[in-house]
Protein chains: 2
Amino acid sequence: MSSQRAPADTVGPGAPGVALEVTEALFGEVRFDAAGLVVSVVQDADDGTVLMVAYMNEAALRRTLETGRTWFWSRSRKEYWQKGETSGDRQYVREVRVDCDGDALVVLVDQHGRGACHTGERSCFYRTLGQGPGVPAESAAK
Amino acid sequence: MSSQRAPADTVGPGAPGVALEVTEALFGEVRFDAAGLVVSVVQDADDGTVLMVAYMNEAALRRTLETGRTWFWSRSRKEYWQKGETSGDRQYVREVRVDCDGDALVVLVDQHGRGACHTGERSCFYRTLGQGPGVPAESAAK
């Protein structure tokens, strides 16, 4: 099926997503916090870019799995929102992963339209706070 | 400098990190929540794998930037912890990014040792809750 997948930008604007195959036993291991939320990292399925971080409650996670498009809970507006509903920048879901202790998700998507950020940037993480070499070069010979 | 970088696994176990160059104006735009925390997505700088999600308070973020290794605040234990301090699975930081509204970070690291997860998996997100095709194939021709 993946060989038939169209680039996200060639999909018609109203194209619905496809329901995911769900491992129900694992759904029960998702731990929602005191506010009923789980943090969700949305990542580009093709190139691995972290596009955005948002929150799902149980119903938003269900809708995401059932519709194949991302749904979140807005903590500020206190309402459900479907990514791209107004902007057209939809996210079609390929995979949802759960972390070891069940309190975070990674959502792998085909990003439609301009990108994930309301500013017009592709990723919300377009600003660099700090940069360094990572593993120190002087340790290489040890 | 990057051409001199050693693979993370070849660095001696006690190797310190290198302080990051910080854009101070951007530090002031990080929005810590009511509990004083900001969610931090740790991503492999080489292959883009999301390794783990953890939380930093202001001091943990400062320590991360100053030491070039990841520091977090444990919500359950209510204490600072440096990744790899006990396991040896250290994270050397190459870059810290801030999202558009300042309430989430992406931390790009060279992962040392076995990986990021206490289970022995490289990534904490080793379980798949749902899978699907992403962009629907039948929309390709539209």
Side-chain angles (χ1 to χ4, degrees), chain A residues 1-2 4-8 10-12 15-23 26-27 30 39 41 43 45 47-50 52-53 65 68 92-100 104-106 109-110 112 117-119 121 124-137 139-140 142, chain B residues 1-2 4-8 10-12 15-23 26-27 30 39 41 43 45 47-50 52-53 65 68 92-100 104-106 109-110 112 117-119 121 124-137 139-140 142:
Chain A
M1 187 175 279
S2 65
Q4 296 174 34
R5 187 185 299 123
T10 68
V11 177
V18 180
L20 279 72
E21 285 186 40
V22 177
T23 303
L26 206 46
F27 194 101
V30 178
V39 64
V41 179
Q43 188 178 24
D47 69 10
T49 303
V50 174
M52 56 183 280
V53 167
L65 295 167
Y92 294 93
V93 181
R94 283 203 225 169
E95 191 169 345
V96 178
R97 292 186 188 152
V98 186
D99 79 346
C100 51
L105 305 176
V106 165
V109 304
D110 293 317
H112 183 283
C117 190
H118 74 285
T119 63
E121 300 278 347
C124 293
F125 295 90
Y126 57 89
R127 300 183 294 178
T128 296
L129 171 58
Q131 268 187 311
V135 171
S139 297
K142 287 182 185 173
Chain B
M1 188 176 280
S2 64
Q4 296 175 35
R5 187 186 298 122
T10 68
V11 176
V18 180
L20 279 72
E21 284 185 41
V22 177
T23 302
L26 206 45
F27 194 101
V30 178
V39 63
V41 179
Q43 187 178 25
D47 69 10
T49 303
V50 174
M52 58 183 278
V53 167
L65 295 167
Y92 294 93
V93 182
R94 283 203 225 168
E95 191 169 346
V96 178
R97 293 189 188 150
V98 186
D99 78 347
C100 51
L105 305 176
V106 165
V109 303
D110 293 317
H112 184 282
C117 190
H118 74 284
T119 62
E121 301 277 348
C124 293
F125 295 91
Y126 57 88
R127 299 182 296 177
T128 296
L129 171 57
Q131 267 187 312
V135 171
S139 298
K142 287 182 184 172

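First the proteins, then the strands, lettered A, B, ... as listed; each starts at 1. Hydrogens, waters and symmetry mates are skipped; everything else that's a heavy atom, side chains included, is used.
- With a threshold of 4.5 angstrom between heavy atoms, Thr119(A) approaches chain B through side-chain atoms but not through N, CA, C or O.
- Heavy-atom minimum distance, Tyr92(B) versus Gly134(A): CB-C, 3.6 Å.
- The structure places OG1 of Thr128(B) at 13.5 Å from CZ of Arg94(A), a figure rounded to the nearest 0.5 Å.
- Both the backbone and the side chain of Leu129(A) come within less than 4.5 Å of a heavy atom of chain B.
- Contact count against chain A (heavy-atom pairs under 4.5 Å) is highest for Val98(B) among Val109(B), Val98(B), Val22(B), Thr23(B).
- Interatomic distance, CG of Leu20(B) versus CD of Gln131(A), reported as 8.0 Å (0.5 Å rounding).
- With hydrogens and angles ignored, the 3.5 Å screen pairs a side-chain donor or acceptor of Arg127(A) with a backbone N or O of Asp99(B).
- Taking chain A as the reference chain and counting heavy-atom pairs below 4.5 Å, the highest number among Val106(B), Val53(B), Asp47(B) is found for Val106(B).
- When each of Gly68(B), Ala19(B), Ala104(B), Gly48(B) is scored by its heavy-atom pairs under 4.5 Å with chain A, the top score falls to Ala104(B).
- Between Pro16(B) and Pro136(A), the shortest heavy-atom contact is O-CG, 3.2 Å.
- Contact between Gly130(B) and Leu65(A) at its shortest, heavy atoms only, is CA-CD2, 4.3 Å.
- The closest donor-acceptor contact from the side chain of Asp110(A) to the backbone of Val135(B) lies under 3.5 Å.
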